[in-house]
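Numbers here simply count residues along the sequence, with the first being 1.
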Amino acid sequence: VSMAQQGGPMKEIYSPIQTACLALACFCTLVQFSAMADLTHYSEITAFQFTIAAGVLVWLYTLGMLVIPSIMMMGQSPPNVDLESTLKIGNRIALLFTYTAAIACSSISSDFDDATCKYFACSKVYASCTFAWFAAIALLVAVLDKDTDYLIQAGLSSGGSSEPNPYAPHDEQGANLEEDYHAPPPSADL
């Protein structure tokens, strides 16, 4: 029985949220760069060129990161790399590229008027920007899922441990009041 069949390291590295976010980012970046590359005059605006380049790079990264769990499910051993660090760093870099592409594309397309839309196909530009934003949100969730400290502090996750949430409200004796906690009413002194 291989480690992949036992749910070994793949289960620890690739959570369902992580896999879903990478799949969504892969699809969104594919639409992002293909819609923008379909424009006739995309090469005239540097922001559009960057949107295409960033989309291709992030699409290749997310596609590669989705192939690894598929290989592991078939009982094959993954490449000899530190997947945990690769996902943490790679997701952050992919988020930076996607977010920057979304900002670049949106800043140019927000100035479009009717004359510009006759020259460029505005619907393709708008679709590319929209899917860049969707990809950025998916990658942000993937980054937050890998760094569960943020989610633990927000009370959204226990970090996979069975220990009580240290950020939950406690009484004077240290008992966890998370289940029966009701916030006090706002003070009238404000």
Side-chain angles (χ1 to χ4, degrees), residues 13-70 81-157 159 167 183 186 190:
I13 295 171
Y14 285 92
S15 70
I17 292 174
Q18 187 76 24
T19 306
C21 288
L22 286 173
L24 181 62
C26 185
F27 171 74
C28 289
T29 53
L30 175 65
V31 174
Q32 169 197 337
F33 81 79
S34 61
M36 188 64 73
D38 195 35
L39 290 175
T40 310
H41 306 285
Y42 76 86
S43 60
E44 296 176 12
I45 298 179
T46 308
F48 292 171
Q49 293 173 355
F50 177 76
T51 300
I52 293 170
V56 169
L57 290 174
V58 174
W59 177 69
L60 289 172
Y61 164 75
T62 55
L63 190 62
M65 290 294 109
L66 288 171
V67 167
I68 292 173
S70 302
V81 295
D82 181 13
L83 291 176
E84 185 78 24
S85 297
T86 302
L87 272 175
K88 273 188 170 183
I89 295 168
N91 286 352
R92 288 179 175 157
I93 293 171
L95 173 61
L96 176 69
F97 272 112
T98 306
Y99 180 73
T100 308
I103 292 288
C105 179
S106 297
S107 67
I108 297 295
S109 66
S110 65
D111 292 334
F112 282 177
D113 56 5
D114 289 337
T116 310
C117 284
K118 290 179 182 175
Y119 189 66
F120 289 109
C122 287
S123 60
K124 292 178 184 177
V125 174
Y126 296 150
S128 180
C129 293
T130 302
F131 278 95
W133 282 110
F134 287 154
I137 291 168
L139 287 167
L140 177 63
V141 171
V143 166
L144 291 176
D145 182 57
K146 271 325 241 181
D147 297 329
T148 55
D149 293 342
Y150 299 118
L151 297 176
I152 291 171
Q153 290 176 0
L156 299 174
S157 171
Y167 300 101
L190 297 176

S.K.: Is the number of heavy atoms from other residues, nucleotides or ligands under 6.0 Å of Phe134 CZ greater than 12?
M.R.: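 It does not: Phe134 CZ has 12 such atoms or fewer within range.
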S.K.: Can you name the closest pair of heavy atoms from Tyr61 and Leu22 and give their distance?
M.R.: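 Heavy atoms of Tyr61 and Leu22 come nearest at CE2-CD2, 4.5 Å.
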S.K.: I'd like to check Phe33 versus Thr51 (side-chain heavy atoms, cut-off strictly below 4.5 Å). Are they in contact?
M.R.: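 Answer no - side chains too far apart.
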S.K.: Show every donor-acceptor pair shorter than 3.5 Å between a side-chain atom in residues 123-131 and any protein atom, with sequence neighbours excluded, or say none if there are none.
M.R.:
| residue | atom | partner | partner atom | Å |
| --- | --- | --- | --- | --- |
| Lys124 | NZ | Asp38 | OD2 | 2.7 |
| Ser128 | OG | Gln32 | O | 2.8 |
| Thr130 | OG1 | Tyr126 | O | 2.8 |

S.K.: Can you tell me how far the CG atom of Leu63 sits from the OG1 atom of Thr29, to the nearest 0.5 Å?
M.R.: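 Reported to 0.5 Å precision, the distance equals 9.0 Å.
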S.K.: Measuring from atom CG of Asp145 to atom OG1 of Thr19, what distance do you get when rounded to the nearest 0.5 angstrom?
M.R.: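 Output value for this atom pair is 9.0 Å.
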S.K.: Looking at Phe50, I want to see if its CZ is surrounded by more than 12 non-hydrogen atoms of other residues, nucleotides or ligands under 6.0 Å.
M.R.: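 Atom CZ in Phe50 is crowded, with more than 12 foreign heavy atoms closer than 6.0 Å.
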S.K.: Step through it carefully: locate the ring centre of Tyr99, locate the ring centre of Trp133, and say whether they are under 6.0 Å apart.
M.R.: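 When the ring centroids of Tyr99 and Trp133 are compared, they turn out to be within the sub-6.0 Å range.
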S.K.: State, to 0.1 Å, how close Ile108 and Ala47 come at their nearest heavy-atom pair, and which atoms those are.
M.R.: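 Closest approach of Ile108 to Ala47: CG1-CB, 3.6 Å.
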S.K.: With a cut-off of 6.0 Å (strictly less than), are more than 12 heavy atoms of other residues, nucleotides or ligands near CG of Leu24?
M.R.: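 Yes, CG of Leu24 has more than 12 neighbouring heavy atoms, counting only those of other groups under 6.0 Å.
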S.K.: To the nearest 0.5 Å, what is the distance between CE (Met65) and OG1 (Thr86)?
M.R.: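 Taking CE in Met65 and OG1 in Thr86, the distance rounds to 6.0 Å.
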S.K.: Looking only at non-hydrogen atoms, find the nearest pair between Cys26 and Leu66 and report the distance.
M.R.: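 Nearest heavy atoms, Cys26 then Leu66: CB-CD1, 4.0 Å.
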S.K.: Distance from Ile93 atom CD1 to Lys88 atom NZ, nearest 0.5 Å?
M.R.: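 The NZ atom of Lys88 is 14.0 Å from CD1 of Ile93, to the nearest 0.5 Å.
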S.K.: Verify the neighbour count for atom CZ of Phe97: are there more than 12 heavy atoms of other residues, nucleotides or ligands below 6.0 Å?
M.R.: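 12 or below, so no.
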S.K.: Counting distance only, does the side-chain N/O of Thr98 pair as donor-acceptor with the main-chain N or O of Leu95 below 3.5 Å?
M.R.: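 Answer holds: no.
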S.K.: Between the main-chain N or O of Ile103 and the side-chain N or O of Ser106, is there a donor-acceptor pair closer than 3.5 Å?
M.R.: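 No: the side chain of Ser106 does not pair with the backbone of Ile103.
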S.K.: Side chains of residues 136-144: which donor-acceptor pairs under 3.5 Å do they make with residues two or more places apart or in other chains?
M.R.:
none

